[in-house]
Amino acid sequence: MGIPLPTKTAGRDRPATIISPSILSADFAILADESRKVISLGADWLHVDVMDGHFVNNLTLGAPIVKSLRKHTDSFLDCHLMVSNPSQWIKDFASAGANMYTFHLEAVVPEAATAKHPDPQMIKVLKEVKEAGMHVGVALKPKTPAETLFPYIDDKLVDQVLIMTVEPGFGGQKFMPETMSKVKILRQKFPNLLIEVDGGLSPSTIDQAAAAGANVIVAGSAVYGADDIGMAIKTLRSSVDKAAASA
């Protein structure tokens, strides 16, 4: 695990703000440089979108790229696996140097929204990730209720919940404000939980995510496509910090 996770401190209603730019929006020909650049300009983590072409239609990258990137940065690698079989890749990503291994509940539990929880197979995968030395994240598609994760969070099996604010699979989609109700539910019940939001986050939508209770912000084109990357990161952070202090 290496790098510790942020915790809730006095005067805030949530853990410290984390800005995690998605390297999917970077120039892969100079990925190491692009990664170091956003960190130097104020980002906290690097978000790695892994898509297998099965769980989602798109195909992106795998553990070999994470392993190569790790040679050029000591930053926290926040890996989001949109894959059909999360167990298959745990050892590979741990060996590659991933810090956070976030996988989808829907990939492990069929019909997750209506299935009985806790699910034995889900518990097994969560424990496998932790035993491999990584922090554990669980992602939810927009239509999967937040309540499905309560048993796993209550049992301290989950470090971070990722609320998808678009349908997973492709970048550049429009932010879905209706997903913010899930963030609110989770923040009210679990004030110390890391709650990450991913999809359509930008200076025009960040206030909604901040007000709902998110503290880990994933942004791809809003950061890498900005004229002033440092200012874009600062704007995202400022919105979350303001909401965290005023709640």
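- In this structure, the ring of His104 has its center less than 6.0 angstrom from the ring center of Phe55.
- Between Val66 and Val48, the closest side-chain pair of non-hydrogen atoms falls below 4.5 Å.
- Proximity of Arg70 to Asn99: side-chain heavy atoms (C-beta onward) are separated by under 4.5 Å at one or more points.
- Side-chain contact between Val197 and Val218 is absent, with no heavy-atom pair separated by less than 4.5 Å.
- Between Arg237 and Asp44 there is a salt bridge, with a side-chain nitrogen of the basic residue lying less than 4.0 Å from a carboxylate oxygen of the acidic one.
- Heavy atoms only, all atoms of each residue included: Leu46 and Ser75 are closest at CD1-CB, 4.2 Å.
- Thr235 places no side-chain N or O within donor-acceptor distance of the main-chain N or O of Pro203, the cut-off being under 3.5 Å.
- Side-chain contact check for Val50 versus Val83: some heavy-atom pair is nearer than 4.5 Å.
- With no hydrogens or angles considered, no side-chain donor-acceptor pair links His80 and Asp78 at under 3.5 Å.
- Thr102 places none of its side-chain heavy atoms less than 4.5 Å from the side chain of Cys79.
- Salt-bridge check for Asp228 with Lys234: failed, with every basic side-chain N at 4.0 Å or more from each acidic carboxylate O.
- Contact record, Ala214 with Val240: O-CG1, 3.4 Å, taken as the closest heavy-atom pair.
- We find that Asp207 and Lys242 are not joined by a salt bridge, their nearest charged nitrogen and carboxylate oxygen being 4.0 Å or further apart.
- The environment of CH2 in Trp45 is crowded: more than 12 heavy-atom neighbours from other residues, nucleotides or ligands sit within 6.0 Å.
- Counting heavy atoms from C-beta on, the side chains of Glu178 and Pro142 never come closer than 4.5 Å.
- Counted by atom type alone, Thr17 and Asn215 present zero donor-acceptor pairs between their side chains at under 3.5 Å.
- Of the inter-residue distances, the one linking Ile153 atom CD1 with Lys189 atom NZ reads 9.0 Å to the nearest 0.5 angstrom.
- Under the 4.5 Å side-chain criterion, counting only non-hydrogen atoms from C-beta, Pro118 is in contact with Tyr152.
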